[in-house]
2 protein chains.
Amino acid sequence: MKKKAPEPRPRTAGRPAGGAALSKQRIAEAALAHIDAFGLGAFSMREIAAQLGVYPATVHWHVSTREALLAEVAATVMAQVTPPKGTLAWQNWIAELFHRCRAAVRQHPNVAQLLGAQLVSNGSLPTELVEGVLAALTEAGFDGEPLREAYNCVIAAMLGFLTMEFSPLPADNTQAWAEELRERVHTIRPLDHPVLTRHLPQLANQAFILRWDNGTTVPLDSSFERHIQITIDGLEAFARRLKPAQ
Amino acid sequence: MKKKAPEPRPRTAGRPAGGAALSKQRIAEAALAHIDAFGLGAFSMREIAAQLGVYPATVHWHVSTREALLAEVAATVMAQVTPPKGTLAWQNWIAELFHRCRAAVRQHPNVAQLLGAQLVSNGSLPTELVEGVLAALTEAGFDGEPLREAYNCVIAAMLGFLTMEFSPLPADNTQAWAEELRERVHTIRPLDHPVLTRHLPQLANQAFILRWDNGTTVPLDSSFERHIQITIDGLEAFARRLKPAQ
DNA sequence: ACCTGAACACCGTTCAAGT
DNA sequence: ACCTGAACACCGTTCAAGT
């Protein structure tokens, strides 16, 4: 885990000759690369600084705070997920958004927990995404308070699922914990939990609460597809309730 | 933030007279109380140790690891959420589960991020919850792979929403960040984001990505209710697709 | 403006030693 | 079995000082 600075840079204080060597951008890229490689648990300001061959204080000059940097990283990952407007029916636009969002998270799974579980990172998602979802839902017939409700349900369905699918394993003794949970799952008492016992082969390590690997190793593809369908079907039912006079 | 140990205990090494002074249970309770009061960001093994008037190593003798303790805390919060079996139709049972789960999280909002965003904590949820959801979905007509898909959708819908609703604010300069986001939200360019601009009064600080307070200050009650309805409507549509021969 | 070098006040975890 | 006391190898952030 310990790495030397890649290049033995000048290492004298003072403003460098050819403009700034660092930038918020470059730092965020380095942080993302490090998180992709070693996970969010191994991320630290000092590690990123070492990676870039500078002192920790230098990183702080550019990004102010650890949380701000992580928000920047999350924004980078989610920058390109919004589908273009105006080419798809609202149902298909939303489905496409879900797909592109999951593709982005699958490329950077260790960032997933930031998206749903940190207000800062969540708040740095692209405005186009918000606009697009609202446009789709308006097309579906929502307005006012129902529009807000439908919007919140769409965002929660999408980011909530992904946050859970790629939620990280314990940092250290991963296999010990995995073995323990596998044991626990397979020794469930049939009399107390008959339904669970009956369907255990279908569920073990492939269902929430009952798994010891996350989406990186065992992706929940078909469940995510189903989640999209259920969400859209539910939204259509909601829209129908709003205009019973057909 | 600094507190003395409540009682100046003997402070000599060795096995105490009347059995163990500490236990995994007592430690988890203390941790939960501390997290409720000061947030997950202020949680540390050393703080809990100080709170209990013992050395950090003493805590480690009982709980092995920081993550394990947090999983224990999550389990404590979620211990009582499962509704009794056999009294409700499956739709109502699931709705009741959602309600009770949200009530539990609202009592301990700072624990929310553990539920969805940490595989360890997620894995320590009660088995009765799993059994109950599966029983409800079986009653709805699901089996085999569709059962697994429906199950994952239910859990993701429930915990995903709550994880997001109560996701924590930045640790330190909260109000500076809030002011900045509020500014950003209210200076959205109308020509680029017309739909968002039009509905901003309905959305600002009450919709994901557009808020600077979390569910503790600004709960998303009606959106959660709608989320339940959408999920159940979507599940019913899914069930209908499975038996087109009525 | 941009960076060094060092310091401050923390962490989680381990380990020998006590009783 | 249960706890002390101290240590190890880390953290994020701040700050004076350089150029």
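Protein chains get the first letters and strands the later ones, always in sequence-line order, with residue 1 at the start of each.
The nucleotide whose nearest atom lies closest to any side-chain atom of B:A57 is, among C:dT13, C:dC3, C:dT14, C:dT14.
Separating the CZ atom of B:R66 from the C1' atom of D:dC10 is a distance of 14 Å, rounded to the nearest angstrom. Counting to the nearest Å, the P atom of D:dA9 and the CD atom of A:E47 are 16 Å from each other. Going from atom CG of B:D172 over to atom P of D:dT13 covers 8 Å, rounded to whole Å. Remark: P of C:dC11 and CD1 of B:I48 are 10 Å apart, rounded to the nearest angstrom. C:dC8 atom P lies 18 Å from atom NE2 of A:H60, rounded to whole Å. Rounded to an integer number of Å, the gap from A:M45 CE to C:dC8 P is 22 Å. Rounded to a whole Å, the CG atom of A:L70 is 12 Å from the C1' atom of D:dG12. Put simply, NE2 on A:H62 is 13 Å from C1' on C:dT4, counting in whole angstrom units.
When the side-chain nitrogen and oxygen atoms of B:T65 are compared with OP1 and OP2 of C:dT13, one or more of them lie within a distance under 4.0 Å. Listed pair B:Y55 / D:dG5 meets the phosphate criterion, a side-chain N or O lying under 4.0 Å from OP1 or OP2.
Separating the C1' atom of C:dA9 from that of D:dA9 is a span of 16 Å, rounded to the nearest Å.
Nucleotide C:dT19 is matched to D:dA1 when pairs are restricted to Watson-Crick or G-U wobble geometry with both distances under 3.5 angstrom. With a cut-off of 3.5 Å on both pairing distances, the Watson-Crick or G-U wobble partner of C:dA7 is D:dT13.
Across the interface with DNA chain C, nearest-nucleotide mapping of B:S64 and A:T58 shows A:T58 to be the residue nearer the 5′ end.
A salt bridge links A:D221 to A:R106: one of the charged nitrogens lies within less than 4.0 Å of a carboxylate oxygen.
Judged purely by distance below 3.5 Å, without hydrogens or angles, the side chains of B:S222 and A:E149 pair a donor atom with an acceptor atom.
Nucleic acid contact class of A:R46 (heavy atoms, under 4.0 Å, all strands): base. Residue contacts for B:S44: at a heavy-atom cut-off of 4.0 Å it reaches the sugar-phosphate backbone alone, with no base atom in range.
The line from CG of B:L200 to CD1 of B:I188 is 6.0 Å long, rounded to the nearest 0.5 Å. Of the inter-residue distances, the one linking B:E29 atom CD with B:H34 atom NE2 reads 15.5 Å to the nearest 0.5 angstrom.
Using the six-membered ring where Trp is involved, A:F161 and A:F208 have ring planes that are perpendicular, over 60° apart on the 30 and 60° scheme.
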